[in-house]
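Below is one structure, written out as structure tokens; the observations come after it.
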Protein chains: 2
Amino acid sequence: MATHGARGRSGGRPTLEEVAARAGVGRGTVSRVINGSPRVSDATRAAVEAAVAELGYVPNTAARALAANRTDAIALVVPEPETRFFAEPYFSDMLKGVGAELSETEMQLLLIFAGSDRERRRLAQYLAAHRVDGVLLVSVHADDPLPDLLAQLEIPAVISGPRSAAETLTSVDSDNYGGARSAVEHLLSRGRTRIAHITGRLDVYGAQRRVDGYRDALRDAGHEVDEQLIEAGDFTEEGGARAMKLLLERCPDLDAVFAGSDVMAAGARQALRETGLRIPEDVALVGYDDSAIARHMDPPLTSVRQPIEDMGRRMLDLLLAEIADRRPAASRGLERPQEVLATELVVRASS
Amino acid sequence: MATHGARGRSGGRPTLEEVAARAGVGRGTVSRVINGSPRVSDATRAAVEAAVAELGYVPNTAARALAANRTDAIALVVPEPETRFFAEPYFSDMLKGVGAELSETEMQLLLIFAGSDRERRRLAQYLAAHRVDGVLLVSVHADDPLPDLLAQLEIPAVISGPRSAAETLTSVDSDNYGGARSAVEHLLSRGRTRIAHITGRLDVYGAQRRVDGYRDALRDAGHEVDEQLIEAGDFTEEGGARAMKLLLERCPDLDAVFAGSDVMAAGARQALRETGLRIPEDVALVGYDDSAIARHMDPPLTSVRQPIEDMGRRMLDLLLAEIADRRPAASRGLERPQEVLATELVVRASS
DNA sequence: ATCACCTGTGGGAGCGCTCCCACAGTACCT
DNA sequence: AGGTACTGTGGGAGCGCTCCCACAGGTGAT
């Protein structure tokens, strides 16, 4: 084995120092050029850039992280098992948005699943080691301790979908309430009156807001809300099917269903089919998310479009801003933005 | 802002030095305990562990990476656009296997997509900076320059599916040839004789091997190979449907189809349906992968099971061994293992 | 002419670890 | 008694960067 001192000498990767020597300048100047500081003359900058190119210099990330106390990496944390991640288009769309925005920067994205207890413990350790500069947290349940852990460790974080109306972290969300309203109003306008609702997991704030929107839309149109027409799902296809069956048993006269997600709508469709009911003739069906599933369903599914990719982009923007903010002046305790993006009803053959 | 020198002093994260002071030992000893060296007395170890617990000490990854010249991270590189990653169960199964095995270690997994040129350039930069200790490369095409780049940078790498019979990198693969043979032999045993084959992308070596298996199975059973019965797909559902339509036009008398992947089989099924052909009465259908799609298809799809999760695990094992190997003695130029895992035909209603 | 204040630059100190050398102490041979 | 060989330990040097202070040289106001 090479001796310690000789590690990285000749043959190894070039260092800042070597670039500096080659360009005939000091270390500080090379560092300034590498980091895009404006305080360098054009001639010097050109000389340094030439030396960098000749030597094929690439900064050592570990050294930089150690000296500058940052990692240039952020994590996308999914507090779900991997299976759900792949089953739900929501996550992949989010990842797409974040990835697109991130490729504009030098930052590195880490995808971390925290579905099991074991994975959670691993993540906590990971965060405690400050291996990332910030965290994007998607799909958080009301009682999740993760946001508080992040706050305690003072790690910048942005959450998709606040945990409650009193969320303290920066968050980006779509207008769940308005989206649900528009879905129900659409069904009402089609002459449906016995409109059922399959909810998402009610420990997800957004799912609750959709129920609120469902209720208010009916009420404002002068209908009473029949609690028998509301059944809790869990965002899975099986859950959607199960809820649909229960609803059909309880209320055989229902003429429309608003499902809290496209995946659950797919489950509901399956249950309706098995019962011999036609969509939309017998029962109109509306989903939520406007994912690929909605377009490919038979019949194509009317759905509330959430701009998930945009949400991902926006989350990243806010996170990067928060990370940058922290660096110069500790201006803590300021108001944290809660952004809400508009939804849009996409009408297709299912309603 | 805090002055440079005071960064991390009181209130910051505890350092090795502080742990050492608290435990009344030297830095070296704490380092040995942290890294599980056996050369520490039980009493000292206990004292250090107590100090670590009291202070909530977590090693600084950057400092460790800088001093030890390793990152404790590996990358799973997917040379495809993200959309394909999510569409193909192959990738998620692979990720599952790798993730399961990796959670036994302290290593960190990075998921990197390299579908576009832009992403490729980013990846090259990333690898040049040696930000990972090793790379798992899945689904590599014959002309991909990535493996050579890895070899040149001397980064340990394991590839899933060799690029050719002369692959130089360590690889793990399933027995594509044998799997294809078993599929065709099964169809022959069911009395089918006009067996078509929808291939995968032929720049993927494994897809070629499946064609070889298809050919040899027919030949060995005394049938001539009708080239009209072979059509190239591209591993996508649309590609499978398109290939099926072409095959039906060319050979309306075909009575069975062996598709190079379940996803393509799903496309073929769609095309067969549209033509009014029944599965398996008119045309028997066999897929490859035995993914979730196969089980949920209507009718359930006979498929060649590849132990993808096991392959992922095995790839990781080999990679970790290669990384560990490198450290002590540079024993380069040795034979690189090429592992081949067995496949198994899972017979269901489609054949 | 003096002072203040820019711009551009060099280089010391330090980030928190790992690696290795040195050495004290003990054990077991000759 | 001297030698040899271990085990356990402390701490110096160094990894490659960033940050900041110092300072040279210019520019413009007083």
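Reminder, nothing fancy here: chain letters follow the sequence lines and each chain counts from 1. In what follows, every heavy atom counts, from backbone to side chain, and hydrogens, waters and symmetry copies are set aside. Small disclaimer: the values here were computed from a predicted structure and weren't measured.
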message = Taking CD in B/Glu104 as the centre, count heavy atoms belonging to other residues, nucleotides or ligands within less than 6.0 Å. Is the count above 12?
response = yes

query = Bend angle of the helix from C/dA1-D/dT30 to C/dT30-D/dA1 from five-pair axes at both ends, rounded to 10°?
reply = 40°

ask   = Is there a donor-acceptor contact under 3.5 Å linking the side chains of A/Glu339 and A/Ser171?
value = no

ask   = Any side-chain heavy atom of B/Val52 sitting closer than 4.5 Å to one from B/Ile34?
value = yes

query = Looking only at side-chain N and O atoms, does B/Thr29 come under 4.0 Å of OP1 or OP2 in D/dT9?
reply = no

task = Starting at atom CD1 of A/Ile34, determine the distance to atom P of D/dG16, rounded to an integer number of angstrom.
result = 15 Å

ask   = 5'-most contact on DNA chain D: A/Arg32 or A/Pro14, nearest heavy atom basis?
value = A/Pro14

inquiry  = Rounding to an integer number of Å, can you tell me how far B/Leu66 CG sits from D/dG14 C1'?
reply    = 9 Å

task = Indicate yes or no: at least one non-hydrogen side-chain atom of B/Arg120 is less than 4.5 angstrom from one of B/Leu146.
result = yes

inquiry  = Side-chain N or O of B/Asn69 versus OP1/OP2 of C/dT18: is the shortest distance under 4.0 Å?
reply    = no

Salt bridge (Lys or Arg N to Asp or Glu O under 4.0 Å) between A/Asp148 and A/Arg163, intermediate numbers included = CA-CA 11 Å; A/Asp148 295 328; A/Arg163 286 167 293 167; 3.7 Å; yes

B/Arg39, nearest nucleotide to its side chain (from D/dG8, D/dG12, C/dG10) = D/dG8

remark   = Within residues 41-64 of chain A, the residues having a heavy atom closer than 4.0 Å to DNA chain C are A/Ser41, A/Thr44

query = For A/Ser103 and B/Glu119, does a side-chain donor sit closer than 3.5 Å to a side-chain acceptor?
reply = no

message = Measuring to OP1 and OP2 of D/dT18, would you say a side-chain N or O of A/Ser31 lies under 4.0 angstrom away?
response = yes

ask   = Separation of B/Arg27 atom CZ from C/dC19 atom P, in whole Å?
value = 13 Å

query = In whole angstrom, what separates B/His130's NE2 from D/dG16's P?
reply = 12 Å

request  = In whole angstrom, give the distance that lies between atom CZ of A/Arg70 and atom P of D/dC19.
outcome  = 6 Å

remark   = Rounded to whole Å, the CG-C1' distance (B/Leu16 to C/dT18) equals 9 Å

request  = Starting from the C-alpha separation in whole Å, work towards a yes-or-no answer on salt bridge (Lys or Arg N to Asp or Glu O under 4.0 Å) for B/Glu18 and B/Arg22.
outcome  = CA-CA 6 Å; B/Glu18 286 161 27; B/Arg22 176 104 178 197; over 6 Å; no

request  = Report the distance from atom CD of B/Glu18 to atom P of C/dG16, rounded to the nearest whole Å.
outcome  = 8 Å

inquiry  = Looking only at the side chain of B/Ala67 (C-beta and beyond, no hydrogens), which of the listed nucleotides C/dT18, C/dG10, D/dT18 gets closest?
reply    = C/dT18

note = Taken to the nearest whole Å, CD/B/Glu17 to C1'/C/dT18 is 13 Å

ask   = Is there a donor-acceptor contact under 3.5 Å linking the side chains of B/Ser139 and B/Glu80?
value = yes

task = Could you go through the side chain to side chain donor-acceptor pair (under 3.5 Å) check for B/Thr170 and B/Glu322 one step at a time?
result = CA-CA 9 Å; B/Thr170 305; B/Glu322 214 162 289; 2.7 Å; yes

